[in-house]
Amino acid sequence: MKTETHPEPGGHTFKSVKEIEGAVRVRMEKAVSDLQHDMASIRTGRASVSILDHVRVDYYGTPTPLNQLGNLHVPEPSLITVQPWDVSQVGAIEKAIRAANIGLNPANDGKLIRIPIPPLTEERRKDLVKQLHGIAEDHRVAVRNIRRDGNESVKKLLKEKAITEDDDRRAHTRSRR
């Protein structure tokens, strides 16, 4: 058997099926955690600070995540409050939330920003379903691509005679599960 290695599209060099399985498992777990994060950041009718994860505030010329500029709280199911550590940034934070295009209308009292979460309308529910289908499909495609890359890596090992045909067959059988 040859012990040559080959570079993968991601820059990895695999010598065995176990290495490929480990790399594929890590990449798939990342894809699943990314899916969970993306789904958590969708605005439903219930308040959650993760809705504001993608909001960036221009803090002295630097786009800064909102959660690094103040305390975010959910005092009731339909309200999020933002209490900035630097009170002079209240206007910039309010402007950034409006500009984030997430359908929220913040109100400030000079020291605290209140963000009411409006109840879902039928139209908004349909938009959420479309958005979730799009996110799910993107992640399905990512997982398929990861699986395909893993299968191609196993085929390359077989072609280089680094593994036996039985190992190849077993690896492809495991990837179907």
Got a sec: does the CD of Glu137 have more than 12 other heavy atoms crowding it under 6.0 Å?
yes
So Arg56 and Pro65, do their side chains get closer than 4.5 Å, heavy atoms only?
yes
Locate the shortest heavy-atom distance separating Gly150 from Ile20; write the atom from each residue and the value.
O-CG2, 3.7 Å
Check the hydrophobic clustering (I, L, V, M, F, W, Y; side-chain heavy atoms under 4.5 Å; chains of links allowed) and say if Leu132 and Leu35 are grouped together.
yes
Checking Val143 against His139 for the side chain to side chain contact (heavy atoms under 4.5 Å, CB included) test, could you report, in this order, the C-alpha distance in whole Å, the side-chain angles of both residues, the deciding distance, and whether it holds?
CA-CA 6 Å; Val143 168; His139 287 82; 5.6 Å; no
Taking C-beta and beyond as the side chain, do Ile93 and Asn108 meet within less than 4.5 Å on heavy atoms?
no
Could you tell me if the side chain of Val17 sits less than 4.5 Å from the side chain of Ser153, heavy atoms only?
no
Flag side-chain contact, heavy atom, 4.5 Å: Leu69 against Pro84:
no
Answer with yes or no whether the hydrophobic clustering places Val24 together with Leu158; edges join I, L, V, M, F, W, Y residues whose side-chain heavy atoms lie under 4.5 Å apart.
yes
Side chain to side chain donor-acceptor pair (under 3.5 Å) for Asn105 and Arg98? Distances and angles first, verdict last.
CA-CA 6 Å; Asn105 191 18; Arg98 288 182 202 278; 2.3 Å; yes
Under 4.0 Å between a Lys/Arg side-chain N and an Asp/Glu carboxylate O for Glu152 and Lys156?
no
Measuring from atom CD1 of Ile135 to atom NZ of Lys130, what distance do you get when rounded to the nearest 0.5 angstrom?
14.5 Å
What about Val74 and Leu104, same hydrophobic cluster or not, with Ile/Leu/Val/Met/Phe/Trp/Tyr joined at side-chain heavy-atom distances under 4.5 Å?
yes
May I ask you to test the Leu72-Leu66 pair for a side-chain heavy-atom distance under 4.5 Å?
yes
Which pair of heavy atoms, one from Leu112 and one from Asp109, lies closest together, and at what distance?
N-OD1, 2.8 Å
Assess the residue pair Asp38 and Asp138 against the criterion (side chain to side chain contact (heavy atoms under 4.5 Å, CB included)); give the C-alpha distance rounded to whole Å, side-chain angles, the decisive distance to 0.1 Å, and a yes or no.
CA-CA 11 Å; Asp38 287 354; Asp138 290 346; over 6 Å; no
Is there a path from Tyr60 to Val55 through hydrophobic residues (I, L, V, M, F, W, Y) whose side chains come within less than 4.5 Å of each other?
yes
Membership question, hydrophobic clusters at under 4.5 Å side-chain separation (ILVMFWY): are Ile113 and Val87 in the same one?
yes
Determine whether Ile115 and Leu52 make a side-chain contact, defined as any pair of heavy atoms from C-beta on separated by less than 4.5 Å.
yes
Tell me the closest heavy-atom pair linking Arg124 and Leu120, and the distance in Å.
CG-CD2, 3.4 Å
Are any of the side-chain heavy atoms of Lys155 and Lys159 separated by less than 4.5 Å?
no
Please step through side chain to side chain contact (heavy atoms under 4.5 Å, CB included) for the pair Asn67 and Val49, ending with a clear verdict.
CA-CA 9 Å; Asn67 62 3; Val49 293; over 6 Å; no
Looking at every non-hydrogen atom in both residues, tell me the closest pair between Asp86 and Tyr59 and how far apart they are.
OD2-OH, 3.8 Å
Start with the C-alpha gap between Arg148 and Asn151, add the side-chain angles, then the distance that decides, and say whether side chain to side chain donor-acceptor pair (under 3.5 Å) holds.
CA-CA 5 Å; Arg148 184 199 64 227; Asn151 285 339; over 6 Å; no
Looking only at heavy atoms, what is the nearest atom pair of Asp58 and Gln89, with distance?
O-OE1, 4.0 Å
Close side-chain approach of His54 and Ile102, heavy atoms under 4.5 Å:
no
Check against side chain to side chain contact (heavy atoms under 4.5 Å, CB included), Ile80 and Ile117
CA-CA 8 Å; Ile80 300 173; Ile117 307 297; 3.9 Å; yes
Can you tell me which residue among Asp167, Asp166, Asp168, Thr173 is in a side-chain hydrogen bond (donor to acceptor under 3.5 Å, both in side chains) with Arg170?
Asp167
Decide if atom CD of Gln68 counts as having more than 12 heavy atoms of other residues, nucleotides or ligands within a radius under 6.0 Å.
yes
